[in-house]
Participant: 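Before I ask anything, let me first share the structure, which is written out below as C-alpha cells.
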Amino acid sequence: MDAASEYRSLGEPDRSSHLWRYTPWRRVHPTGKIDEIPLFDGPSLKLMSIESEGTPEGVRLVKGASIPSGLPKNDELTSNFLIAASTESQYTLEVDSGFSSENPVILEIDVGENPSVLHLGIEVESRVNIEIVTRIVGASDWFGFMRSGLIGNGSIVNDIVINLANRGTVLRSDLISVGRDAHLRAGTISSGSEKTKADLRFRMGERGGNLRVLGSVMSAEKMHLDHHIEIQHDAPETFSRLSWHSACGGESRTIGTGMLRVAEGSRGADAAQIFHNLLLSPNAEADSIPELEVMENEVVGCGHGTANGPIDEDQLFYLESRGYDSSEAKRALIAAFLNSTLSEMGSETMHNWLVGMLTEELEGLYQKT
Amino acid sequence: MAGSNALLEIKGLHAGIDGNQILKGIDLEIGPGEIHAIMGRNGSGKTTTANVIMGHPEFEVEKGEVILDGEDLLEMEAWERARAGVFLSFQYPQAVPGLQVGNFLRKSVSSIRGEEAAKGSIFREDLSKAMESLDVPRSFLARYVNDGFSGGEKKRFEILQLMLLKPKLAVLDETDSGLDIDGIRTVSEGINAAIRDSDSGALIITHYSRILEHINPDKVHVLMDGIIVSSGGPELATKLEEQGYEWLQQE
C-alpha cells in the first residue's frame with residue numbers, strides 16, 4: 001500500500017492516546033477535512049554557511065528523499081500523511097564521510113505565503129563533524145515538514161531547527177537514528193507559528209550512541225505549541241538527555257510530552273528527561289508529561305521530571321538590586337531561562353549567532369506576553 | 001556628626017513581614033567614608049534591616065524614614081534605590097542559570113553608573129583590576145550568575161560587583177559567612193578599597209568579629225529584638241565575641 005492509502009486506512013486518531021491528547025489531528029490538518037491529502041508546492045530552500053557565501057565542499061542538497069531502515073518507530077498517521085503530501089517536494093541533505101568544519105551550515109526554508117510541504121532526508125555519513133541550522137521563515141497558513149535520516153557512526157552533529165514562521169500551522173515530524181559512537185545534539189527553537197504540532201523521534205540502535213535533545217520554546221498571544229519527543233534506546237551503553245524549556249505568556253499554551261523507551265538488552269543505558277515551564281501570565285498554560293518504559297534492569301539510570309512556575313521573585317529582586325528595572329529584569333530572566341538550553345545546542349560561534357538572531361524575535365514576543 | 005551631613009539616616013524604622021513586626025524602631029546614621037557594623041543574634045532583625053534598605057517587596061514598612069544623601073529611599077522601587085546608590089551584598093545570592101556573568105556585570109554597571117562606564121576599554125580595565133584583587137579567574141565571566149558557585153565564590157562575586165558598581169552605600173549581609181581566613185582577608189580588602197577614602201559608606205552585618213579585625217569599623221551596633229540596644233567602637237565587637245550577648249540582655 002502506498003503512503004496515501006496507508007494514511008486513509010488509519011482514520012482519525014483517538015484523543016486518549018499520548019500523542020493526540022492535546023492537539024487533535026483535525027486541528028493541524030491543512031484543510032480540517034481529514035480524508036484530503038492536498039499536494040502543495042515545496043518551499044524555497046537555500047543552503048549556506050554562517051560565515052561565508054556558498055556551501056562547503058562535502059555538503060549538498062539533492063532532490064529526492066528516502067526512508068532508510070533503522071529509523072525510530074514512527075507515528076503512522078503523521079508520517080504517511082507527510083510522505084504522501086510531499087511527493088513533489090523531497091530533498092536530501094548529504095554530508096560526506098570525514099567532513100569536518102567549525103563553520104555552521106544553514107538551511108533556510110522560506111515557506112512564503114502559500115501552504116507548502118517538505119520531506120527532507122538527512123544522510124550524514126561516518127566521522128563527520130558539523131553544525132547544521134535549519135531555519136523556517138515565512139507567513140503561510142500551513143507548513144508540513146518531515147525529516148528522516150541517519151547520523152553515521154562516530155559522527156558529531158549539532159542539528160538545530162528554528163521555527164520563526166510568522167503565522168499559521170507547522171506540522172513537523174522527525175525520525176532520526178543515531179549511529180555507533182555518534183553524538184547528536186538536536187535542538188529545537190520555536191517562537192513562531194500560531195500552532196505547532198511536532199513529533200520528534202530518535203533511536204539509538206547502535207552501541208555508544210549519545211543524544212541530547214534540547215528545546216527553547218516561547219509562546220505568546222493565543223499560540224498553541226505542542227512538542228512530543230520520543231527517545232528509543234535499543235543498544236547497550238547508550239546515553240540520552242532531554243531538556244525542554246518553555247516560556248509561555250498571554251493566553252498561549254505549550255505542551256511537552258516525552259516518551260523514553262529503553263529496550264531489553266540495552267545494558268548500561270543512561271537516560272533522563274526534564275521539562276521546565278515558565279508561566280508569564282495567569283492565562284498561559286503549560287502541560288508536560290514525561291513517560292518512561294524501561295524494559296532493561298541493568299541501566300545506569302533512567303529518570304524524568306517536570307517543573308512549572310512563574311518568574312522567581314527572588315531572582316527578580318536580585319536583578320533589580322543590580323539596577324535592572326522591573327521590565328528589564330523580567331526580560332533578562334526569560335532570556336536566561338531559554339538560554340540555559342540554547343547554550344547547550346552548539347559551539348560558542350553557533351551560540352553567539354543564535355543569540356544575535358533571536359534577541360529581536362524574543363523582544364517582539366515579550367511585547368505580546 | 002550633624003544629621004544633615006549623614007550619608008544614610010534611618011529614623012524610627014518599624015518594619016516586618018507577613019504582619020509580624022520585626023524592626024521596632026531603628027535609628028542609625030552613617031557618614032561619608034564610614035563603615036558601621038551591626039551584630040546580633042539570629043532573628044534579631046539584621047537581614048530584615050538589609051532587605052528594607054534595599055526595598056525587598058515582601059517587607060512592609062509601618063513607619064519611619066530611610067534617607068540616602070537627602071533622598072527618601074522608601075518612596076523608591078528596589079531598582080531605583082540601586083540606581084540611587086544602594087548596594088546589597090546578599091547573604092544567599094541568587095543563581096540565575098542562563099545569564100552570563102560578563103553580560104550581567106556590564107548591564108548592571110550600565111544601569112547604575114551609566115553607559116559610559118560600561119563601554120569597552122573603561123569597563124574592561126575596571127573589571128580586570130577588581131578581578132585581580134579578588135583572585136577571580138577570567139573564566140568566571142563565561143559562567144552563569146551564581147550557578148554552581150561555591151559559597152566562597154558567591155561571596156567574592158558579590159564583592160566584585162560592589163567594586164564595579166561603586167555605590168554610595170554598601171550593605172553587606174553576612175558576607176563573611178562561608179569564607180575561610182584567606183577569603184575573609186581578600187573580601188575585606190575589597191570592601192576597604194571600595195569604601196575607605198571615598199564618600200561612600202557601608203553597613204556590615206555579621207555574627208563574627210573576625211571580618212571586623214580586617215575592616216576596623218567606625219562604629220559597632222548591637223541589634224536585639226528589632227532595636228539597637230548598644231553602640232560603640234570596634235572594642236564592642238571584641239567584647240561580644242568574648243562574652244556573648246547575655247550581658248547586654250541583663251543591662
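In the text below, chain A, chain B and the rest are named by the order of the sequence lines, each starting its count at 1. Worth knowing before you read on, the calculation uses all heavy atoms, side chains too, and leaves out hydrogens, waters and symmetry mates.
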Participant: Test salt bridge (charged side-chain N to carboxylate O under 4.0 Å, His left out) on A/E320 and B/R81 and set out the steps.
Facilitator: CA-CA 9 Å; A/E320 288 183 9; B/R81 296 181 197 204; over 6 Å; no
Participant: What part of A/E328 is in contact with chain B, defined as an atom under 4.5 angstrom from a non-hydrogen atom: side chain, backbone, both or neither?
Facilitator: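 Looking at A/E328, just its side chain touches chain B.
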Participant: Side-chain polar contacts of residues 65-80 of chain B - donor-acceptor pairs under 3.5 angstrom, sequence neighbours left out - could you list them?
Facilitator:
from  : atom 1 : to     : atom 2 : distance (Å)
B/D69 : OD2    : B/K168 : NZ     : 3.2
B/D72 : OD1    : B/L74  : N      : 3.0
B/E80 : OE1    : B/E77  : N      : 2.7

Participant: Using a cut-off of 6.0 Å, state whether more than 12 heavy atoms not belonging to B/D199 lie near its atom CG.
Facilitator: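 For B/D199, atom CG is not crowded (no more than 12 foreign heavy atoms under 6.0 Å).
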Participant: Which one of A/L319, A/L342, A/D314 has the most heavy-atom pairs closer than 4.5 Å to chain B?
Facilitator: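 Answer, by heavy-atom pair count under 4.5 Å with chain B: A/D314.
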Participant: Heavy-atom cut-off 4.5 Å, strictly under: side chain, backbone, both or neither for B/L99 against chain A?
Facilitator: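 Both the backbone and the side chain of B/L99 come within 4.5 Å of chain A.
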Participant: Closest approach of B/Q94 and A/D312, non-hydrogen atoms and distance?
Facilitator: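 Between these two residues, the closest heavy atoms are OE1-OD1, 4.1 Å.
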Participant: Measuring from A/F317:CZ to B/M54:CE, what's the distance to the nearest 0.5 Å?
Facilitator: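 Answer for the CZ-CE pair, A/F317 versus B/M54, is 6.0 Å.
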Participant: With a 4.5 angstrom heavy-atom cut-off, could you sort out which part of B/P93 is near chain A: side chain, backbone, both or neither?
Facilitator: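 Both parts, backbone and side chain.
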Participant: At their closest point, which heavy atom of B/S108 faces which heavy atom of A/Y324, and how far apart are they?
Facilitator: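 In terms of heavy atoms, the two residues are closest at OG-CE1, 3.8 Å.
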Participant: Determine the minimum heavy-atom distance between B/S111 and A/G323, stating which atoms define it.
Facilitator: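 Closest heavy-atom pair between B/S111 and A/G323: CB-O, 3.2 Å.
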Participant: Tell me, yes or no, whether the heavy-atom count around A/E102 atom CD, taken from other residues, nucleotides or ligands under 6.0 Å, exceeds 12.
Facilitator: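 For A/E102, atom CD is not crowded (no more than 12 foreign heavy atoms under 6.0 Å).
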Participant: Kindly check if the number of other-residue, nucleotide or ligand heavy atoms within 6.0 Å of NZ (A/K330) is above 12?
Facilitator: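 Atom NZ in A/K330 is not crowded, with 12 or fewer foreign heavy atoms closer than 6.0 Å.
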Participant: For A/S326, is it the side chain, the backbone, both or neither that has a heavy atom under 4.5 Å from a heavy atom of chain B?
Facilitator: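 Its backbone and side chain both get close to chain B.
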Participant: What option among B/A95, B/S110, B/G98, B/A142 has the most heavy-atom pairs under 4.5 Å with chain A?
Facilitator: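 Of the options given, most contacts go to B/G98.
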Participant: Salt bridge (charged side-chain N to carboxylate O under 4.0 Å, His left out): which pairs involve residues 122-133 of chain B, sequence neighbours left out?
Facilitator: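 Those involving residues 122-133 of chain B are B/R113-B/D126.
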Participant: Please look at A/L333 and chain B and tell me whether the side chain, the backbone, both or neither of the residue comes under 4.5 angstrom of a heavy atom of that chain.
Facilitator: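 Side chain of A/L333 only, per the 4.5 Å heavy-atom cut-off to chain B.
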Participant: Between B/A84 and chain A, with a heavy-atom cut-off of 4.5 Å, which part of the residue counts as in contact: side chain, backbone, both or neither?
Facilitator: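 No part of it gets close to chain A.
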Participant: Do B/E158 and A/R322 pass the salt bridge (charged side-chain N to carboxylate O under 4.0 Å, His left out) test, and can you show the C-alpha distance, the side-chain angles, and the key distance before you say yes or no?
Facilitator: CA-CA 11 Å; B/E158 292 293 282; A/R322 299 308 185 239; 2.8 Å; yes
Participant: So for B/D147, is it side chain, backbone, both, or neither that comes closer than 4.5 Å to the heavy atoms of chain A?
Facilitator: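 The answer is neither part of B/D147.
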Participant: Counting only non-hydrogen atoms closer than 4.5 Å, does B/V109 touch chain A with its backbone (N, CA, C, O), its side chain (CB onward), both, or neither?
Facilitator: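 No part of it gets close to chain A.
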Participant: Begin with the C-alpha distance, continue with both residues' side-chain angles, and end with the deciding distance and a verdict on side-chain contact (heavy atoms from CB on, under 4.5 Å) for B/F87 and A/S321.
Facilitator: CA-CA 7 Å; B/F87 175 84; A/S321 78; over 6 Å; no
Participant: Do B/Y92 and A/Y318 have ring centroids that are under 6.0 Å from one another?
Facilitator: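 No; B/Y92 has its ring centre 6.0 Å or more from that of A/Y318.
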